[in-house]
Amino acid sequence: MSAPETATPSNFIRTIIDEDLQSGRCDQVVTRFPPEPNGYLHIGHAKSICLNFGLAADYNGRCHLRFDDTNPVKEEDEYVEAIKEDVSWLGFDWGEHLYFASDYFETLYQYALKLIKAGTAYVDSQSAEEMRRNRGTLTEPGVESPHRNRSIEENLALFEQMKNGEHPDGSHILRAKIDMAAPNMNLRDPALYRILHAHHHRTGDTWCIYPMYDFAHGQEDSIEGVTYSICTLEFEDHRPLYEWFLRELEIFVPQQIEFARLNLSYTVMSKRKLLQLVTDKHVSGWDDPRMPTVSGMRRRGYPAAAIRTFCERIGVGRAASWIDLSVLEDCVREELNETACRRQAVLNPLKVTITNYDQLEELDAPNHPQRPELGSRVLPMSSELWIDRDDFMENPPPPKKYFRLGPEREVRLRNSYIIRCDEFIKDADGEIVELKCSADLDTLGKNPEGRKVKGIIHWVSAPHAQKVQVRVYDRLFDQENPDKAENYLSALNPDSLQISEALVEPSLIDAKPGETFQFERVGYFTVDSKDATDGEPVFNRTVTLRDTWAKMK
RNA sequence: UGGGGCGUCGCCAAGCGGUAAGGCACCGGAUUUUGAUUCCGGCAUUCCCAGGUUCGAUCCCUGGCGCCCCAGCCA
């Protein structure tokens, strides 16, 4: 009845696929997510993953996970493993379709031979500097290489020698013979193979020539039967080249479709910059909870489902877009509100003594106010409590606007009694150190008659409280677009991490790594998966609760 | 003043010639033992601008303007 309509919003790529399927131009959907294993995946990659795997799932096709490992000097196995873990965690399964560009090295080599024999590729022996100079500029055509018309035999021989390691790095390069005057710079005799005496993470020292992206990517797609090769906008100018190679090689030509990459406010998305944040120790690692990486978000406590919702919500288009961080945070709250159990924790304690109460009680507190099926836990109550300093004001604003504790004011202790502040004690510096309150013992589980108490505050019984470390995270950058700063590092938020101690209700001491709770009235907190030990959880603040009171102030 | 793209609410984004979906944000108000959640309501007479075609244009044409990408032996 209630059609589980995957309210997947339409987008231009779906439109293209629908048309192709209907016209018969294409009869199946095969996509691929092709990361280079030179860093960890970030939220921008998540967008691509959700798009590619999502399309394959919706159209009953398949999506490959293919590592584009054509540059041995930057790639590592550590990244391969991390990427696989992230894709799985996001909820996607590549099944049998795990591939590596390096598996195609021999085939790619044969393809290069084919072009040389056809006279459309040649070995150039200019230096990188000369090549750069002869490429021309955006407005002037390039100059043809003096080696451009070497004979096929000579090219074959030289390329063979390159492959055999007889020439040093940079001494020769295989180029396509297209058009040095092409207005599209990518067509000015692009490089196909460079000499690199480097150890490859998978092929070891088997090769000392490696294909360039342009000569590898399309062929990989073609070999795998990919029907839609979805990539970001900056590859648009490469499409003519992508198709040129496949046509020259007379192999299947997949359709390349470009979409706008994700930009998120208050963060950077370039792998180079993320790597620098890690190597320069501005963060603790790729999985630092402040990082926009999939592993960082996981450690921070963002649920995979929230990230998927986010990727769906932001849509897919071709216009450069800048998504506000609040969209992501809203997705996280939406998911966590539904799933996280409620607990009480005090981050900034102020002592409260209840003068007319001298017992120890075990109160029952529900785990989730809207979901009774989630059960309840025991919440110990005594006459000595900790409450949050923010919940008391010596000189509160007019009663209409403020309903927390203050002199002579009443407030509900969440899941417990209503108390009234009779006096407050200050130390020598004038700082408030303790409140003396009296409880209305007839208000447990019911409201008093004749008056209504609007304020509700959270608390923890002092003798039962457990001390835990809390890491309060804020945005890593305090400028909306760090890339606009002179140097993005100068936009780093000096207060992005504040470590403090919190006093929490006893049930929290057994929290397991990765478990998320809502500390009522404060925010969602997730047990760190690296630094927590048994009986000593460390809580990462995942995201705050919406706070309309903060806005009023 | 080479080529390739893009321009619909503060931020995303549907719409594909028939008279502007939705989300986030924001602003009201209701319910509430989380100032949370939930719930109601508000939020583009207008689609970068100017002409044109048409009974009718955000959607078609022409001309402007603005923004993004490309000169790695990176991907």
Side-chain angles (χ1 to χ4, degrees), chain A residues 7 9-11 15 34-36 38 68 70-71 73-74 124 126-128 131-133 135-142 169-175 181-188 190-196 210 212-214 216-217 231-240 258 260 265 271-272 312-331 333-334 337-338 342 344 365-366 368-370 401-404 412-418 443-447 453-458 518-523 544-552:
Chain A
S10 174
N11 61 52
T15 304
E36 181 190 11
N38 67 343
D68 222 349
T70 57
N71 185 2
V73 308
K74 288 186 176 174
D124 195 356
Q126 296 181 102
S127 67
M131 260 181 72
R132 190 186 61 70
R133 211 173 328 113
R135 187 152 27 231
T137 67
L138 295 180
T139 51
E140 307 157 47
D169 291 5
S171 56
H172 301 283
I173 191 162
L174 185 71
R175 293 229 255 173
N184 179 343
M185 299 294 286
N186 293 300
L187 265 20
R188 318 246 262 228
L192 269 46
Y193 263 95
R194 76 284 217 187
I195 301 172
L196 239 35
Y210 291 91
M212 299 289 292
Y213 165 85
D214 284 313
H217 204 93
C231 59
T232 45
L233 249 26
E234 62 276 23
F235 291 100
E236 193 155 22
D237 288 341
H238 293 245
R239 192 179 348 125
E258 312 84 15
S265 61
K271 270 201 220 174
R272 200 207 99 231
E312 191 166 279
R313 219 170 258 187
I314 58 178
V316 180
R318 289 173 63 86
S321 62
W322 207 267
I323 310 287
D324 198 279
L325 195 56
S326 69
V327 180
L328 212 209
E329 293 187 336
D330 183 72
C331 293
R333 288 192 188 103
E334 181 177 298
N337 174 53
E338 195 63 30
R342 273 54 172 175
Q344 290 184 176
H368 191 121
Q370 281 82 38
K401 300 189 64 166
Y402 181 84
F403 29 93
R404 297 185 183 183
R412 157 79 67 183
L413 290 178
R414 176 76 169 152
N415 294 123
S416 182
Y417 304 92
I418 284 174
T443 53
L444 188 60
K446 59 180 176 185
N447 287 320
V453 176
K454 176 127 172 105
I456 299 159
I457 65 172
H458 55 98
Q518 184 197 99
F519 289 179
E520 286 189 293
R521 302 211 312 133
V522 181
T544 60
L545 247 31
R546 242 192 224 97
D547 189 354
T548 49
W549 167 242
K551 283 177 198 153
M552 290 167 67

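The figures here come from the full heavy-atom set of this structure, side chains too, leaving out hydrogens, waters and symmetry mates. All values derive from a computational prediction rather than experimental measurement. In what follows, every chain begins at residue 1, and chains take the letters A, B, ... in the order their sequences are listed.
Backbone-only engagement by A:Val316 is indicated by non-hydrogen atom pairs under 4.0 Å involving sugar-phosphate atoms exclusively. Among the protein residues, A:Arg412 comes within range of the nucleic acid bases, having at least one heavy atom under 4.0 Å from a base atom. Residue A:Asn11 is classed as a sugar-phosphate contact, given heavy-atom separations below 4.0 Å to backbone atoms only. Within the nucleic acid shown, A:Gly455 has no heavy atom closer than 4.0 Å to any nucleic acid atom. Residue A:His172 is out of contact with every strand shown, counting any heavy-atom pair closer than 4.0 Å. Heavy atoms of A:Leu138 sit under 4.0 angstrom from at least one base atom. Counting non-hydrogen atoms under 4.0 angstrom, A:Met212 reaches the backbone sugars and phosphates but no base. Contacts of A:Leu187 with the nucleic acid, taken as non-hydrogen atoms under 4.0 Å apart, are absent. A:Pro369 comes within 4.0 angstrom of a base, heavy atoms only. A:Tyr193 comes within contact range of no nucleotide atom at all, as no heavy-atom separation falls under 4.0 Å. Residue contacts shown for A:Ala319 are limited to sugar-phosphate atoms, with no base heavy atom under 4.0 Å away.
With RNA chain B read from its 5' end, the first of the two nearest nucleotides for A:Glu334 and A:Ser416 is the one closest to A:Glu334. Between A:Glu236 and A:Phe403, it is A:Glu236 whose nearest contact on RNA chain B lies nearer the 5' terminus.
A:Thr70 has a side-chain polar atom (N or O) that falls below the 4.0 Å cut-off from OP1 or OP2 of B:A75. Side-chain nitrogen and oxygen atoms of A:Ser326 include none within less than 4.0 Å of the OP1 or OP2 phosphate oxygen of B:C11. Between A:Arg521 and the phosphate of B:G35, there is a side-chain N or O to OP1/OP2 separation shorter than 4.0 Å. In this model, the phosphate group of B:U32 is not approached by any side-chain N or O of A:Lys454 to a distance below 4.0 Å at OP1 or OP2. Distances shorter than 4.0 Å separate none of the side-chain N or O atoms of A:Arg333 from OP1 or OP2 on B:C24. Between A:Arg135 and B:C70 there is no side-chain polar atom (N or O) within less than 4.0 angstrom of OP1 or OP2. Side-chain N/O atoms of A:Thr139 include none lying less than 4.0 angstrom from OP1 or OP2 on B:U1.
Residue side chain A:Gln370 reaches the base of B:A36 through a donor-acceptor N/O pair under 3.5 Å, judged by distance alone. For A:Gln518 against B:U34, a side-chain N or O and a base N or O form a donor-acceptor pair under 3.5 Å. A:Asp237 contributes a side-chain N or O that forms a donor-acceptor pair with the base of B:G3 under 3.5 Å. Taking only distance into account, the side chain of A:Arg313 never meets the base of B:G22 through a donor-acceptor pair shorter than 3.5 Å.
Of all nucleotides present, none satisfies the Watson-Crick or G-U wobble test against B:U32 with each distance under 3.5 Å. The pairing partner recorded for B:G63 is B:C49, the criterion being a Watson-Crick or G-U wobble arrangement whose two distances lie under 3.5 angstrom. Pairing of B:A21, defined by two Watson-Crick or G-U wobble distances under 3.5 Å, is not identified with any nucleotide. The nucleotide B:C9 finds no pairing partner, because no Watson-Crick or G-U wobble arrangement with both distances shorter than 3.5 Å includes it. Applying the Watson-Crick and G-U wobble criteria (two distances, each under 3.5 Å), B:A75 pairs with nothing in any strand. Partner assigned to B:G41 is B:C27, using Watson-Crick or G-U wobble distances below 3.5 angstrom.
Going from the C1' atom of B:G22 to that of B:C43 covers 14 Å, rounded to whole Å. Annotation: B:G15 and B:C59 have their C1' atoms spaced 8 Å apart (nearest Å). Nucleotides B:C9 and B:G5 have their P atoms positioned 23 Å apart, rounded to a whole Å. The same atom, P, is picked in B:A36 and in B:G28; the two are 13 Å apart, to the nearest Å. Annotation: B:A20 and B:C16 have their P atoms spaced 13 Å apart (nearest Å). When the P atom is compared between B:A13 and B:C48, the two are found 14 Å apart, to the nearest whole Å. Across the P atoms, B:A44 and B:G23 are found 14 Å apart, a figure rounded to whole Å. B:A71 and B:A14 are spaced 29 Å apart, taking the P atom of each and rounding to whole Å.
Once rounded to the nearest 0.5 Å, the distance linking CD1 of A:Ile195 with CG of A:Leu174 reads 10.0 Å.
Using a 4.5 Å cut-off on side-chain heavy atoms (C-beta onward), A:Asn415 and A:Glu520 make contact. Put simply, the side chain of A:Ser321 does not reach to within 4.5 Å of the side chain of A:Ile314, judged on heavy atoms. Between A:Pro190 and A:Met212, the closest side-chain pair of non-hydrogen atoms is not below 4.5 Å.
For the pair A:Asn38 and A:Lys74, the tightest heavy-atom approach, listed with the atom from each and the gap, is CB-O, 3.3 Å. Of all the heavy atoms in A:Arg318 and A:Glu258, the pair that sits closest is NH1-O, 3.0 Å. Nearest approach of A:Tyr210 to A:Thr70, heavy atoms of both residues: CB-O, 3.6 Å.
Electrostatic pairing of A:Lys271 and A:Glu36 does not count as a salt bridge here, judged by no charged N lying under 4.0 Å from a carboxylate O.
Ring geometry for A:His238 versus A:Tyr213: interplanar angle over 60°, hence perpendicular rather than tilted (30 to 60°).
Going from atom CG of A:Asn337 over to atom P of B:G35 covers 14 Å, rounded to whole Å. Taking atom CZ of residue A:Phe235 and atom C1' of nucleotide B:C6, one finds them 19 Å apart after rounding to whole Å. In this structure, A:Gln126 atom CD and B:G72 atom C1' are separated by 15 Å, rounded to whole Å.
With a glycosidic angle no more than 90° from 0, B:G72 adopts the syn conformation.
Stacking of the aromatic ring of A:Tyr213 onto the base of B:A75 is not found under the criterion of centres within 5.5 Å and planes under 30°.
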